Amino acid sequence: MLTLEIPAIEALSYRQKLLSNPETMAYNRGYKLDDPFYNSKTGCIFFPPERWPAWYARWVGQEPERFYAYLMWKERPIGEISLHRVEEAGVYEMGIVIDIRRRGKGYSREGMGLLLEQAFDKMSATKVRNSFEPSRRAALRIHREFGFEVIGKKDGIWTLELTRETYYARRAAKAE
């Protein structure tokens with residue numbers, strides 16, 4: 001069973017390791033990110049300790065604007081989740097990254113459940129969105145299992161959205 005844990009700043013060494021692994025970050029290759037620390041060839045993001053304090057201040061303890069946590073399995077991090085509010089009231093963009101060595105074991109599904117609980121139950125989100133290529137079949141399958149619908153397609157990237165109403169209706173139906 002996975003849990004969420006807000007990391008201490010010193011524990012960001014795990015995030016540094018996660019973001020620097022080309023296999024873990026392969027999904028991120030080729031994007032046009034406006035980040036001087038991003039390597040479009042590997043998908044990795046350079047995250048040295050000197051960047052940690054500013055990043056931590058922006059992401060940790062900033063609810064309801066932003067939320068960040070490690071996905072923990074048996075007291076060890078296996079990935080991360082994040083939410084950040086976009087300009088539209090109550091709408092959040094999400095992120096979930098699972099260490100390459102932990103993929104294919106159901107952790108993404110369980111992590112998605114924890115992320116959505118955080119968004120809808122604790123941050124009062126009205127909608128949660130994510131954007132990625134439809135070729136990421138596992139990601140697409142998990143999003144659809146939770147009720148996400150495709151709301152846009154542009155330049156080979158699909159934007160998927162889950163509304164608060166759909167989330168709670170599906171959760172109630174599963175409880176019956």
Side-chain angles (χ1 to χ4, degrees), residues 1-88 91-119 122-123 125 128-133 135-136 138-140 142-143 154-160:
M1 178 174 193
L2 293 183
T3 58
L4 296 180
E5 182 177 300
I6 309 299
I9 194 167
E10 302 81 30
L12 290 181
S13 56
Y14 174 75
R15 183 168 202 271
Q16 179 185 41
K17 180 180 169 184
L18 194 68
L19 296 179
S20 67
N21 183 320
E23 291 178 87
T24 296
M25 299 303 290
Y27 75 92
N28 208 30
R29 284 186 198 135
Y31 279 101
K32 295 176 183 164
L33 297 180
D34 187 24
D35 184 339
F37 298 99
Y38 168 67
N39 182 326
S40 65
K41 290 180 182 168
T42 64
C44 294
I45 299 171
F46 184 58
F47 191 60
E50 53 270 16
R51 289 188 61 206
W52 299 359
W55 183 91
Y56 196 84
R58 179 175 161 85
W59 278 93
V60 177
Q62 298 302 315
E63 298 86 358
E65 294 297 317
R66 290 179 191 81
F67 177 79
Y68 178 83
Y70 285 166
L71 287 168
M72 304 294 288
W73 179 72
K74 294 186 178 181
E75 299 182 24
R76 299 185 73 180
I78 58 128
E80 65 178 17
I81 66 164
S82 63
L83 292 157
H84 69 276
R85 191 171 6 199
V86 295
E87 292 178 16
E88 198 176 330
V91 179
Y92 289 83
E93 288 186 4
M94 60 159 283
I96 184 167
V97 179
I98 305 291
D99 185 304
I100 190 71
R101 297 168 297 156
R102 304 296 186 175
R103 293 184 187 162
K105 298 177 181 174
Y107 296 131
S108 291
R109 186 173 290 103
E110 195 174 344
M112 178 72 83
L114 292 171
L115 180 145
L116 295 174
E117 280 180 29
Q118 179 69 36
K122 297 179 179 141
M123 296 172 71
V128 174
R129 293 181 183 151
N130 200 3
S131 299
F132 53 89
E133 307 90 337
S135 60
R136 292 180 49 204
L140 186 58
I142 290 168
H143 281 72
K154 184 177 179 185
D155 299 328
I157 303 292
W158 288 10
T159 299
L160 292 90

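Model, not experiment: these values are computed from the prediction.
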Peer 1: Check whether R103 reaches the backbone of I98 with its side chain - one donor and one acceptor, N or O, closer than 3.5 Å.
Peer 2: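 A pair under 3.5 Å: yes.
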Peer 1: At what distance, to the nearest 0.5 angstrom, does OG of S82 lie from CG of L115?
Peer 2: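 Going from OG on S82 over to CG on L115, the span is 7.5 Å.
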Peer 1: Can you measure from CH2 (W158) to OG (S131) and round to the nearest 0.5 angstrom?
Peer 2: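 It comes to 12.5 Å.
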Peer 1: Where the side chain of E65 meets the backbone of R85, is there a donor-acceptor pair that is under 3.5 Å apart?
Peer 2: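 No, E65 side chain to R85 backbone: no donor-acceptor pair under 3.5 Å.
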Peer 1: Evaluate whether atom CZ of R101 has more than 12 neighbouring non-hydrogen atoms of other residues, nucleotides or ligands under 6.0 angstrom away.
Peer 2: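 Not buried by this count: 12 neighbours or fewer within 6.0 Å.
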Peer 1: Would you say R136 and L140 make side-chain contact, with heavy atoms under 4.5 Å?
Peer 2: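 No, their side chains stay 4.5 Å or more apart.
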Peer 1: Output yes when a side-chain donor or acceptor of Y107 lies under 3.5 Å from a complementary backbone atom of L2, and no otherwise.
Peer 2: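 The answer is no, because no donor-acceptor pair under 3.5 Å joins these two groups.
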Peer 1: Indicate the atoms forming the closest heavy-atom contact of R102 with W73, along with that distance.
Peer 2: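 For R102 and W73, the tightest heavy-atom pair comes out as NH1-CZ3, 3.6 Å.
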Peer 1: Keeping the roles fixed (side chain from Y27, backbone from V97), state whether a donor-acceptor pair exists under 3.5 Å.
Peer 2: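 No; zero donor-acceptor contacts below 3.5 Å.
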Peer 1: Parallel, tilted or perpendicular: which fits the ring planes of F132 and H143, with parallel below 30° and perpendicular above 60°?
Peer 2: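 Judged by the thresholds at 30° and 60°, the geometry between F132 and H143 is tilted.
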Peer 1: Report the distance from atom CG of L12 to atom CD of E10, rounding to the nearest 0.5 Å.
Peer 2: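 Output value for this atom pair is 8.5 Å.
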Peer 1: When you look at Y68 and Q62, which way does the side chain to side chain contact (heavy atoms under 4.5 Å, CB included) test go after all the steps?
Peer 2: CA-CA 9 Å; Y68 178 83; Q62 298 302 315; over 6 Å; no
Peer 1: At their closest point, which heavy atom of Q118 faces which heavy atom of L4, and how far apart are they?
Peer 2: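 Looking at all heavy atoms of both residues, the shortest contact is OE1-CD1, 4.4 Å.
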Peer 1: Is it the case that the side chain of Y56 and the backbone of P7 share a donor-acceptor pair, with hydrogens and angles ignored and the cut-off at 3.5 Å?
Peer 2: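 Here the side-chain-to-backbone pair exists.
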Peer 1: G111 and I81: which non-hydrogen atoms are nearest, and at how many Å?
Peer 2: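 For G111 and I81, the tightest heavy-atom pair comes out as O-CG2, 4.4 Å.
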Peer 1: Ignoring hydrogens, what is the shortest heavy-atom contact between P49 and Q16? Give both atom names and the distance.
Peer 2: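 In terms of heavy atoms, the two residues are closest at CD-NE2, 3.6 Å.
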Peer 1: Closest heavy-atom contact between M25 and L18?
Peer 2: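 It is CG-O, 3.6 Å.
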Peer 1: Flag the pair E63 and K122 as a salt bridge only when some basic side-chain nitrogen lies within less than 4.0 angstrom of an acidic carboxylate oxygen.
Peer 2: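 Between K122 and E63 there is no salt bridge, as every charged N stays at least 4.0 Å from the carboxylate O atoms.
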Peer 1: Please report the interatomic distance NZ(K17) to CG(N21), rounded to the nearest 0.5 Å.
Peer 2: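 K17 NZ to N21 CG: 8.5 Å, rounded to 0.5 Å.
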Peer 1: If you count every heavy atom of other residues, nucleotides or ligands that lies below 6.0 Å from R76 atom CZ, does the total exceed 12?
Peer 2: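 No.
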Peer 1: Is the distance from the ring center of Y70 to that of Y14 below 6.0 Å?
Peer 2: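 For Y70 and Y14, the ring centres are under 6.0 Å apart.
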Peer 1: Run the salt-bridge test on E93 and R129 with the 4.0 Å N-O cut-off and return the result as yes or no.
Peer 2: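 Result for this pair is no, no salt bridge flagged.
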Peer 1: Is it the case that the side chain of R51 and the backbone of F46 share a donor-acceptor pair, with hydrogens and angles ignored and the cut-off at 3.5 Å?
Peer 2: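 Yes.
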Peer 1: F37 and W55: aromatic ring centres closer than 6.0 Å?
Peer 2: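 Not under 6.0 Å, so no.
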Peer 1: In Å and rounded to the nearest 0.5 Å, what is the CZ to OG distance from R15 to S20?
Peer 2: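 R15 CZ to S20 OG: 11.0 Å, rounded to 0.5 Å.
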Peer 1: Assess whether side chain to side chain contact (heavy atoms under 4.5 Å, CB included) is satisfied between I96 and M94, documenting all intermediate values.
Peer 2: CA-CA 7 Å; I96 184 167; M94 60 159 283; 3.8 Å; yes
Peer 1: Carefully, step by step, assess I157 and E133 under the rule side chain to side chain contact (heavy atoms under 4.5 Å, CB included).
Peer 2: CA-CA 5 Å; I157 303 292; E133 307 90 337; 3.8 Å; yes
Peer 1: Minimum heavy-atom separation for I45 and D35, please, with both atom names.
Peer 2: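 In terms of heavy atoms, the two residues are closest at CG2-OD2, 4.2 Å.
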Peer 1: Between atom OG1 of T24 and atom CG of L19, what is the distance when rounded to the nearest 0.5 Å?
Peer 2: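 These two atoms lie 9.5 Å from each other.
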Peer 1: When you look at CD of E50, are more than 12 heavy atoms from neighbouring residues, nucleotides or ligands closer to it than 6.0 Å?
Peer 2: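 More than 12 heavy atoms, drawn from other residues, nucleotides or ligands, come within 6.0 Å of this atom.
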